[in-house]
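Given the structure is predicted, the values throughout are model-derived calculations rather than measurements. The first residue of the sequence shown is numbered 1, and numbering continues consecutively from there. Counting convention: from 1, in listed order, for ligands and their atoms alike.
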Amino acid sequence: MAETLTITDNRTGKQYQIPIQDGTIRAADLRQIRVTSDEFGMMTYDPAFMNTAACRSKITFIDGDKGILLYRGYPIEQLAEHSDYLETSYLLLFGELPTEAQLDAWIEEINSHTMLHENLKKFVEGFRYDAHPMGMFLSSVGALSTFYPDAKNIADAGSRRLQMVRLVAKVPAIAALAYRHIIGRPYMLPDNELSYTGNFLNMLFKMAEPRYKPHPVLERALDVLFILHADHEQNCSTASMRNIGSSHVDPYSALAGAAAALYGPLHGGANEAVLHMLEEIGSMQNIPGFIKRVKAGEGRLMGFGHRVYKSYDPRAKIIKRMADLVFEVTGKNPLLEMALELERIALEDEYFVSRKLYPNVDFYSGLIYQAMGFPLDMFPVLFAIPRTAGWMAQWEEMLTDPEQKIARPRQIYIGAPHRDYVSRDKRR
Ligand code: ACO
């Protein structure tokens, strides 16, 4: 027998059988609940989408209570250990791990799109010397829509694939361009003999040497960080990607919007905010006072808490291990001790324990990025690069889902009732 939910409307005494599928009822089924036939019908009110599934997805699974994260069914721990970013991006975008031949072809395809149009350089040159790289990143990605008007053809599967390749291939170059612009160094061309992250490091840090050789430990660490950040189901920026994309705008414009959502300090900007917080705390002896202020509601312990994870974020565990490997090469980040102490106190403190606040992906990633030589304001950009694969996979899934339409939430209007215009001289 099909599962149903029985709802009794006390206003009318009527009963309704609402079908249950996947532990969910369809909000639209509630519309039949009404007192008079001319009413709109019952809606659900769910600010911040705390309890609303907006899509059916095959991409990423999270069990926030158990701390499980799977991409297309594969545990994040196994991907972080055995895979690399380009293979993982293939998995996210196309649903299966590639064969050897498919992976070679994918790398080849990405490598043939790593260059940026020269005009984009001029565009970035227009930014001020102290422009935030994330601002430059998201506007440059948006600007790409003017370079590739063919991307408007979102109904064509071949065109969608081409834009996926272009975006995955070009975002490291855009990020590097923004970085070199701030520090006043010439833009470096990609070196396609290097890995995805090796080439990114090359475009960021190459000076006058004939060939840039990335440090293998740092190259691998960045690759693992990229795997960990590649997708995270319906978070704020991914929901933005889907929402904007649902209007059938080109993916560059949609991705610029997703990157803007990521920029916020409650989302991808949190890794930068963690470092600012640690610098503000300044020393170990100030930690108890800081924790006291957080508990009094005078600020947040950045890098802690998550809408979905109510236990240790599995990505944070992997990053904490990576940090040790990176620090062996770069030397310890002096802020690490403070971070460890904050974590120790928070994991024992009733305030954090009762609210199930644990370190999230951003708590330790910033310390690694800083030790690797990245300035703080590059951190959200380092998040946006790998998330591009996730955004594009979610965009593709949304566009090919026959149930999806332009996203358009409802509201409960609480403003003034109908009233007549009052001329200016009669207003009080
Ligand atoms: N420090 C102190 N208290 C916190 C924190 C924190 N980091 N996070 C949540 N709380 C408290 C809230 O004050 C609230 O307490 P209350 O019930 O007494 O009012 C309770 O925990 C629940 O918090 P909400 O804000 O309702 O939780 P929500 O799911 O809306 O927020 C979020 C999740 C935004 C991640 C939040 O935990 C936060 O602001 N964390 C700090 C920023 C951060 O690290 N963001 C990165 C998230 S991961 C990512 O986007 C990649």
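- Residues Leu342 and Leu301 are in side-chain contact: their nearest non-hydrogen atoms beyond the backbone lie under 4.5 Å apart.
- Annotation: cation-pi pair Arg31/Phe40 present, NZ/CZ under 6.0 Å from the ring centroid and within 45° of its normal.
- Residues passing the side chain to side chain contact (heavy atoms under 4.5 Å, CB included) test with Asp349 are Ile291, Lys295, Tyr351, Phe352, sequence neighbours excluded.
- Using a 4.0 Å heavy-atom criterion, the residues that approach ligand 1 are Leu266, His267, Ala270, Val294, Arg300, Leu301, Met302, Gly303, Phe304, Gly305, His306, Arg307, Tyr351, Arg355, Leu357, Asn360, Val361, Asp362, Phe383.
- Using the six-membered ring where Trp is involved, His229 and Phe383 have ring planes that are perpendicular, over 60° apart on the 30 and 60° scheme.
- Aromatic ring centroids of Tyr252 and Tyr148 lie under 6.0 Å apart.
- Between Tyr263 and His132, the ring centre distance stays below 6.0 Å.
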